Amino acid sequence: MAKKKRRTNDALATNNKARYNYAIAETYEAGIELTGTEIKSVRASKITIGDGFVQVRNGQAWLDNVHISPFEQGNRFNHDPLRSRRLLLHKKEIDTLQAAVAQQGKTIVPLRVYLKHGFAKVLIGVATGKHSYDKRETIKKRDQDRDLHRTMKKRY
């Protein structure tokens, strides 16, 4: 049986709770600095970004609390699953992110990890936390859209 070829921007990992818990203001695409066994695990979709966040330290952006499972065929060259990984961004983008986080209530969360031309990329978003009433509004709007699509589908 032939191996299914992955399209360029297919998500390897998504953070579904991020759009529920946060209002995303703007997004950035960043490369991730990975070791040899880490990229093999990422290509096998062995990555979890649900609890991850981005910090700006010493003029560099770092992806923290993202779990990349150790590569199964790796031996002593395997990596620490929860280590901080440097994000590859332009200096102006890092400065913009640092200014955004300096505001009260803003944070940077990873939204999606995917491969682009063979390189691992992460889509990060500058986010503000939602209140519980905002979350209820999101659920209500999603249910209304689902009902609308359902009725339109029956009609045609």
Side-chain angles (χ1 to χ4, degrees), residues 3-139 141-142 145:
K3 187 177 178 182
K4 183 181 173 188
K5 186 166 176 138
R6 189 182 307 272
R7 287 184 294 167
T8 304
N9 283 344
D10 279 351
L12 300 171
T14 57
N15 190 353
N16 296 327
K17 287 195 144 193
R19 295 200 189 270
Y20 177 73
N21 290 330
Y22 300 101
I24 309 296
E26 52 187 327
T27 59
Y28 296 93
E29 180 183 69
I32 313 173
E33 188 177 272
L34 299 172
T35 64
T37 58
E38 282 178 327
I39 189 63
K40 291 179 179 190
S41 292
V42 167
R43 285 191 175 137
S45 297
K46 304 281 180 148
I47 180 170
T48 306
I49 62 172
D51 297 330
F53 59 94
V54 177
Q55 287 184 331
V56 178
R57 297 187 299 250
N58 300 327
Q60 294 180 348
W62 294 88
L63 184 64
D64 290 326
N65 209 22
V66 169
H67 187 275
I68 298 178
S69 297
F71 186 58
E72 293 164 0
Q73 283 80 31
N75 48 20
R76 63 183 177 176
F77 299 112
N78 263 335
H79 57 277
D80 178 27
L82 286 174
R83 76 176 184 89
S84 294
R85 293 162 181 93
R86 189 165 65 116
L87 293 179
L88 307 174
L89 290 162
H90 293 286
K91 185 69 173 167
K92 286 183 180 179
E93 291 175 329
I94 293 172
D95 292 341
T96 306
L97 290 174
Q98 192 166 16
V101 172
Q103 297 176 7
Q104 188 66 27
K106 298 271 186 172
T107 187
I108 308 169
V109 293
L111 302 173
R112 194 164 59 108
V113 175
Y114 54 94
L115 291 177
K116 185 174 183 182
H117 304 296
F119 296 104
K121 303 284 184 180
V122 61
L123 185 69
I124 58 176
V126 178
T128 307
K130 285 185 184 178
H131 296 286
S132 59
Y133 53 84
D134 291 331
K135 293 177 187 179
R136 285 193 296 267
E137 189 68 32
T138 303
I139 292 170
K141 184 179 182 314
R142 185 177 61 215
D145 289 344

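Since the model is a prediction, treat every value here as computed from it, not as a measurement. Counting begins at 1 with the first residue of the sequence. Values below: all heavy atoms of this structure, side chains included; hydrogens, waters and symmetry mates excluded.
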task = Test Val56 against Val101 for side-chain contact (heavy atoms from CB on, under 4.5 Å), laying out the working first.
result = CA-CA 9 Å; Val56 178; Val101 172; 5.6 Å; no
task = Any chance you could measure Tyr22, atom OH, to Lys130, atom NZ, to the nearest 0.5 Å?
result = 11.5 Å
query = Distance from Lys17 atom NZ to Ile49 atom CD1, nearest 0.5 Å?
reply = 13.5 Å
message = Tell me the closest heavy-atom pair linking Gly52 and Val66, and the distance in Å.
response = CA-CG2, 3.9 Å
key: Step-by-step side-chain contact (heavy atoms from CB on, under 4.5 Å) determination, Glu29 to Tyr114   = CA-CA 10 Å; Glu29 180 183 69; Tyr114 54 94; 2.4 Å; yes
task = List the atom of Leu12, the atom of Val42, and the distance in Å for their closest heavy-atom pair.
result = CD1-O, 3.4 Å
Separation of Ile39 CD1 from Phe119 CZ (nearest 0.5 Å) = 9.0 Å
Atom pair NZ (Lys121) and OH (Tyr28), whose distance is rounded to the nearest 0.5 Å = 16.0 Å
message = For a quick test of reading the model, state the closest non-hydrogen atom pair linking Gln60 to Ile94 and the distance between them.
response = CA-CD1, 4.3 Å
key: Pairwise distance CZ(Arg19) to OG1(Thr138) - rounded to 0.5 angstrom   = 11.5 Å
message = Keeping Asn15 on the side-chain end and Pro110 on the backbone end, is there a donor-acceptor pair under 3.5 Å?
response = yes
message = Looking at every heavy atom in both Ala30 and Leu89, which two are closest together, and how far apart are they?
response = CB-CD2, 3.5 Å
task = Search all heavy atoms of Glu38 against all heavy atoms of Ile68 and return the closest pair with its distance.
result = O-CG2, 4.0 Å
